[in-house]
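As the structure is a prediction and not an experimental result, all values here were calculated from the model. Sequence positions, counted from 1, serve as the residue numbers for this chain.
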Amino acid sequence: MGLTPLEFSECYLDSPSFREKIKAQEAELDKTNRFIKELYKDGKNLINATKQLGMAQRKFAQCLGEFQFEYIGDAKTDDEKCIDESLQEFSMFLKNLEEQRELMMRNITETLMKPLEKFRKEQLGNVRAERKRYEKETEKYYSSLEKLLNLSAKKKEPQLQEADCQVELMRQHFQEESLEYVCKLQEIQERKKFECVEPMLAFFQAVFTFYHQGYELAKDFDHYKTELQINIQNTRSRFEGTRSEVHELMKRIRDTPQEYRQTSPISFEGYLYMQEKRPPPFGSSWVKRYCTFVKEQKILHMVTFDHRSGGKIGETESVTLKSCVRKTTDMLDRRFCLELDITDRPGTVLTVQALSEDDHKLWMHAMGGKEPIGCCLGRTLSKERGIDAQLDDMGLSFVKKSITAIETRSINDQGLYRVGGVSSKVQKLLSLMIDEKSNEVDLSASEDWDVKTITSALKLYLRSLPEPLMTYGLYKEFINPAKGGSPESRIQAIHHLVHKLPERNRLVLGLLMKHLANVAAHSKQNLMTVANLGVVFGPTLMRPQEETVAAIMDLKFQNIVVEILIEHHKKIFTDSPELRPLSPAGPVLSAPTRQSKKVSRQNRPLAVYNPQVLDIQNATGDGSALTADETSMGSNESVSSQSSSASTSELEKADHPPLTASLSSGCNSRSLQASFSASGASGDSLTAATTAGADKEKQEQSVTNRKAKAVYPCEAEHETELSFQVGAIFSRVTPSREPGWLEGELEGKRGLIPENYVEML
């Protein structure tokens with residue numbers, strides 16, 4: 001289990017468990033700070049102590065191998081897993097490079113040392129400064145609060161009001177500081193993953209560039225570098241989306257904190273000051289305790305906690321409440337007091353003091369007292385909607401018309417579904433489309449409704465439904481497969497869940513996924529890859545009923561679910577709802593479901609490393625440069641987290657030329673080549689691009705005329721597979737319906753060929 005998310009609502013309770021969560025996050029950041037400082041020190045040794053390079057390399061590798069990132073939530077995406085494992089991968093590469101002592105370290109300062117030190121000083125340093133301010137405000141607020149509570153009720157009313165106002169201002173300032181600190185803590189926890197790993201990635205590129213005898217190892221690293229860059233890009237994209245959602249939630253809580261005050265419908269909690277009587281002549285004292293009242297059992301749990309003593313938690317005491325009576329100031333020279341009759345101790349009455357008048361009323365209400373409540377309790381989940389969207393015939397008709405208009409008019413528009421339309425026009429269009437009384441709206445008329453307006457209206461319709469298209473009830477079930485398991489098991493689980501949806505929901509979802517798959521097929525023109533569409537439609541199609549930071553942390557898994565639905569919509573929506581293997585062998589051959597064969601780094605010949613940087617600007621065919629704008633939207637060939645077995649290879653896209661920069665390491669056969677700028681700097685120096693190397697004539701060839709050449713030997717493990725040696729030529733090569741496999745002919749026999757064992761001719 002990773003670090004527990006910090007809920008903004010807890011900033012107003014300031015409970016002991018909340019402080020413990022903050023401590024855990026602070027400890028993790030301290031560990032990260034120590035790690036970066038140690039890494040920086042070791043890097044200096046590599047530069048200044050060439051004679052001791054071997055020893056410094058081992059220490060550096062050990063430091064990388066032992067460190068692991070902590071994560072927020074209960075699971076990680078595949079991209080985060082790859083990022084978390086990247087330090088161990090780097091460590092392995094360093095140990096291999098130790099044999100090659102001619103490593104040149106001239107660029108380490110620019111590519112590794114400065115970015116890491118900048119991150120440590122600017123980002124982690126800011127968190128430390130925020131931490132000091134938070135502790136200072138804590139001390140100021142609780143000190144002033146105690147002074148206020150000790151103030152005699154017999155003071156003049158203006159004096160009491162002035163004191164109340166001063167403490168209220170301090171309380172607001174303290175809670176504001178608490179919100180900012182919590183937000184900063186969680187932001188830096190997410191940011192450090194790519195901020196720490198990207199400089200390391202650039203460092204390794206610099207190392208291999210100047211390595212005279214490390215060509216083979218560098219070639220392997222080049223593939224890993226590509227995959228890791230995709231992981232970083234996907235993680236960064238999800239981070240931006242998550243951060244914006246978190247800030248929105250923080251803003252809503254800041255605007256209406258009282259709506260989030262009640263953390264549970266069955267209990268109430270907060271601080272109370274307990275009167276403890278002492279034997280004469282000592283009188284009595286007031287002790288602050290954090291109390292949780294369970295309404296149904298009427299049990300009050302009390303734990304002593306002092307913020308000023310390092311946050312030490314005392315013993316927990318529980319009592320059963322019999323009755324609660326407001327204690328007036330003429331009976332006790334303190335305001336906001338309650339008298340609690342305890343059943344566990346007959347004749348014993350506890351006197352407690354709330355923190356404010358509002359807090360006093362809340363406790364009275366929770367404990368069944370007689371004090372009337374003047375404010376609304378609990379959070380209202382229902383939200384006013386300007387548009388009454390329903391999943392009825394009108395809504396279904398709107399979805400179909402929108403999809404038809406988008407696909408026939410402007411499916412190649414850049415940023416389709418990313419670029420929003422004018423809000424007033426979007427709402428007007430949606431209102432007309434779902435209003436039975438309105439006249440027929442012609443979406444094919446470009447002069448009336450542009451495509452941006454139509455796409456935005458379609459998204460608004462899906463967001464405005466009373467319940468998400470994938471329903472609240474199945475939300476957790478859809479999220480769970482995305483958090484683990486093999487690609488096949490994920491597809492099968494989601495296939496099963498889709499067929500549990502109501503019929504109308506499943507119909508609309510199927511139409512939408514088929515459409516989005518068509519949009520993704522034109523990603524070279526519209527730049528909307530499967531991963532980009534997942535980011536756009538994840539929160540639109542599925543969301544939890546309760547809006548919390550923990551729920552927002554699951555946004556990345558929502559995106560993954562949508563990516564699976566888009567990539568495998570044919571299997572998921574056309575098969576019967578019964579659970580069965582979802583990967584038929586193909587139209588000609590019959591074979592059991594299998595994984596694509598993998599070629600390990602150790603068992604295959606090492607390739608020769610070519611450090612040439614691809615000239616993206618001179619790429620021909622459908623390949624296009626990945627500009628800064630495109631980078632913000634994700635790589636053109638961005639890989640989803642489920643892409644261990646790609647169901648659609650480049651062979652299926654007859655109108656797309658084969659990619660010359662394909663990666664042949666045996667992992668996913670991805671057609672995305674990453675290149676670093678000559679400066680070797682991290683961060684902005686990372687770009688990804690696709691290259692097209694086939695001329696126009698080859699693009700027009702029939703798929704059935706394709707040939708392929710074996711680059712690795714293969715022994716058939718099933719009668720439907722082909723055995724072959726290096727250099728074998730296959731004819732009539734076509735894509736198989738099995739992910740990771742092709743079909744082809746060799747010496748008159750037709751069978752299955754592992755896709756990553758061959759290269760297309």
Legend entry - Crowding at CD, E168 (>12 non-hydrogen neighbours, <6.0 Å): yes

Legend entry - Sequence-distant partners of K193, side chain to side chain donor-acceptor pair (under 3.5 Å), two or more places apart: E80

Inset, instruction - May I ask you to test the M542-I479 pair for a side-chain heavy-atom distance under 4.5 Å? - result: yes

Inset, instruction - To the nearest 0.5 angstrom, please state how far the CG atom of D554 sits from the CG atom of N559. - result: 10.5 Å

Inset, instruction - Measure across S91 and Q62 and return the closest heavy-atom pair with its distance rounded to 0.1 Å. - result: OG-N, 4.4 Å

Inset, instruction - Name all residues meeting the side chain to side chain donor-acceptor pair (under 3.5 Å) criterion together with K251; count only those two or more places apart in sequence or in a different chain, and write none if there are none. - result: D255

Inset, instruction - Give the minimum heavy-atom separation between I83 and N231, together with the two atoms involved. - result: CD1-O, 3.9 Å

Inset, instruction - Determine whether the side chains of Q558 and Y475 contain a donor N or O and an acceptor N or O closer than 3.5 Å. - result: yes

Legend entry - Counterpart residues, ring-ring contact (aromatic ring centres under 6.0 Å, His included), relative to Y273 (two or more places apart): none

Legend entry - With F537 via ring-ring contact (aromatic ring centres under 6.0 Å, His included) - residues at least two apart: Y417

Inset, instruction - Could you tell me the separation between the OG atom of S178 and the OH atom of Y134, rounded to the nearest 0.5 Å? - result: 3.5 Å

Inset, instruction - Check step by step if salt bridge (Lys or Arg N to Asp or Glu O under 4.0 Å) holds for K114 and E117. - result: CA-CA 5 Å; K114 288 184 178 180; E117 187 67 2; over 6 Å; no

Inset, instruction - Please work out whether the ring planes of Y224 and F93 are parallel, tilted or perpendicular, with thresholds of 30° and 60°. - result: tilted

Legend entry - Closest heavy-atom pair and its distance - S237, R418: OG-NH2, 4.4 Å

Legend entry - Residue pair Y142 / D14, side-chain donor-acceptor N/O under 3.5 Å: yes

Inset, instruction - Locate the shortest heavy-atom distance separating Q175 from C11; write the atom from each residue and the value. - result: CG-O, 4.4 Å

Side-chain donor-acceptor pairs of residues 34-42 under 3.5 Å, sequence neighbours excluded:
{"residue": "E38", "atom": "OE2", "partner": "K59", "partner atom": "NZ", "Å": "3.0"}

Inset, instruction - Return the minimal non-hydrogen interatomic distance between F268 and A366, and the atom names on each side. - result: CB-CB, 3.7 Å

Inset, instruction - Can you sort out the partners of F194 under ring-ring contact (aromatic ring centres under 6.0 Å, His included), two or more places apart, ordered by chain and number? - result: F239

Inset, instruction - Identify, with sequence neighbours excluded, every residue that meets salt bridge (charged side-chain N to carboxylate O under 4.0 Å, His left out) alongside K459. - result: none

Inset, instruction - Mind checking the CE-CH2 spacing from M274 to W286? Nearest 0.5 Å is all I need. - result: 10.0 Å

Inset, instruction - List the atom of F478, the atom of V561, and the distance in Å for their closest heavy-atom pair. - result: O-CG2, 3.2 Å

Inset, instruction - Identify, with sequence neighbours excluded, every residue that meets salt bridge (charged side-chain N to carboxylate O under 4.0 Å, His left out) alongside E176. - result: R254

Legend entry - With sequence neighbours excluded, residues passing salt bridge (charged side-chain N to carboxylate O under 4.0 Å, His left out) with K140: E137

Legend entry - For R289, all residues meeting salt bridge (charged side-chain N to carboxylate O under 4.0 Å, His left out), sequence neighbours excluded: E276, E317

Legend entry - T292 OG1 to M302 CE distance, which is reported to the nearest 0.5 Å: 11.0 Å

Legend entry - Distance (rounded to the nearest 0.5 Å) between R19 CZ and T138 OG1: 4.0 Å

Legend entry - Short side-chain donor-acceptor distance under 3.5 Å, K192 and T32: yes

Inset, instruction - Identify whether the distance between the nearest side-chain nitrogen and carboxylate oxygen of E180 and K184 falls below 4.0 Å. - result: no

Legend entry - With D164 via side chain to side chain donor-acceptor pair (under 3.5 Å) - residues at least two apart: R335

Legend entry - Y181: which of E135, R133, Q25, E26 passes side-chain hydrogen bond (donor to acceptor under 3.5 Å, both in side chains): E26

Inset, instruction - Please examine the side chains of V127 and L185, heavy atoms only from C-beta on, and report whether any two atoms are closer than 4.5 Å. - result: yes

Inset, instruction - Go through the structure and list residues passing side chain to side chain donor-acceptor pair (under 3.5 Å) with H301, not counting sequence neighbours. - result: S318

Inset, instruction - Tell me, yes or no, whether the heavy-atom count around K31 atom NZ, taken from other residues, nucleotides or ligands under 6.0 Å, exceeds 12. - result: yes

